[in-house]
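We count ligands from 1, going down the list as the structure has it; atoms in each ligand are counted the same way. Computation of the quantities below employed the complete heavy-atom set of this structure, encompassing side-chain atoms and omitting hydrogens, waters and symmetry-equivalent molecules.
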Amino acid sequence: TKQKEPELPLFFGWFLLPEEEERIKCATMDFLKTLDTLEAFKEHISEFTGEAEKEVDLEQYFQNPLQLHCTTKFCDYGKAEGAKEYAELQVVKESLAKSYELSVTALIVTPRTFGARVALTETQLKLWPEGADKEGVAPALLPSVEALPAGSRAHVTLGCSAGVEEVQTGLDLLEILALQKEGKEGTQVEMDLGTLTYLSEGRWFLALREPITADTTFTFAAL
Ligand code: ACK
């Protein structure tokens, strides 16, 4: 008789503990509330609204994801390339259900997504699949992404605008990092939380003065 293949999840990743989720959501919402009142932001408002002068309430603009997490491997129930190989890695099996502290070092806001950049430790990078940074990246952006350190795409999606999928957050983050590397930074604004930089086409990057840490569990999405 043929043995049934073990089923693969939608994705593996670090999932924020419920109390941590609340704390991160509050802190990051406060930032959104401040951002849409800044003159520098209002100057570029049309990149969000499609027309100048129109106001935007960023808290309403972004829809919250169900559970805050940092994806390591998107498996798509086994349909994604390398899904089975990842699930079978010794380090993955050993790390399941273990606790990890993630460090958020920056926040990004674009007309599509709102996200937190995660700086992975050496230990955490062992769970970051090879090639994950460039998966689904547009050919034009590939050379810049390949020049970034492994794990550059690591993030927590905090919200997406209507009709945008969560996968976009990592792509927006990579684009911003590539622009920064090319020195294409625009207006800078000092905020309580850190330095806010504008990177054209409605892209904003807040480098946090103090990283925000979050306790997580490494596991897979049950859905
Ligand atoms: O914010 P995220 O990392 O973006 O969390 C979700 C999670 O998997 C479940 O959908 C991410 N995701 C979706 N599709 C892909 C993909 N093709 N490559 C990498 N990550 C993906 C999404």
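- The two residues T37 and T34 come nearest to each other via the heavy atoms OG1-O, 2.6 Å.
- Between the S161 side chain and the Y61 main chain, no donor and acceptor come within less than 3.5 Å of each other.
- Between G115 and L158, the closest heavy-atom pair is C-CD1, 3.9 Å.
- Taking every non-hydrogen atom of H69 and a distance limit under 4.0 Å, the qualifying atoms of ligand 1 come out as 2 (P), 5 (O), 6 (C), 7 (C).
- At a heavy-atom distance under 4.0 Å, atoms from both the backbone and the side chain of V167 approach ligand 1.
- Taking 4.0 Å as the cut-off between side-chain N and carboxylate O, E190 and R209 count as a salt-bridged pair.
- Using a 4.0 Å cut-off between charged nitrogen and carboxylate oxygen, K73 and E85 do not count as a salt-bridge pair.
- Annotation: atom 12 (N) of ligand 1 to nearest protein heavy atom, F74 CD1, 3.5 Å.
- For ligand 1, the atoms closer than 4.0 angstrom to any heavy atom of H155 are 1 (O), 2 (P), 3 (O).
- Considering all non-hydrogen atoms of both residues, D36 and F41 come closest at CA-CD2, 3.7 Å.
- Contact analysis leaves E165 out of contact with ligand 1, as no non-hydrogen atom separation drops below 4.0 angstrom.
- Distance from atom 3 (O) of ligand 1 to its nearest protein heavy atom, with residue and atom name: T71 OG1, 2.7 Å.
- Within ligand 1, the atoms closer than 4.0 Å to a non-hydrogen atom of T157 are 1 (O), 2 (P), numbered from 1 in the order shown.
- Checking R153, K73, E166 against atom 6 (C) of ligand 1, the nearest heavy atom belongs to E166.
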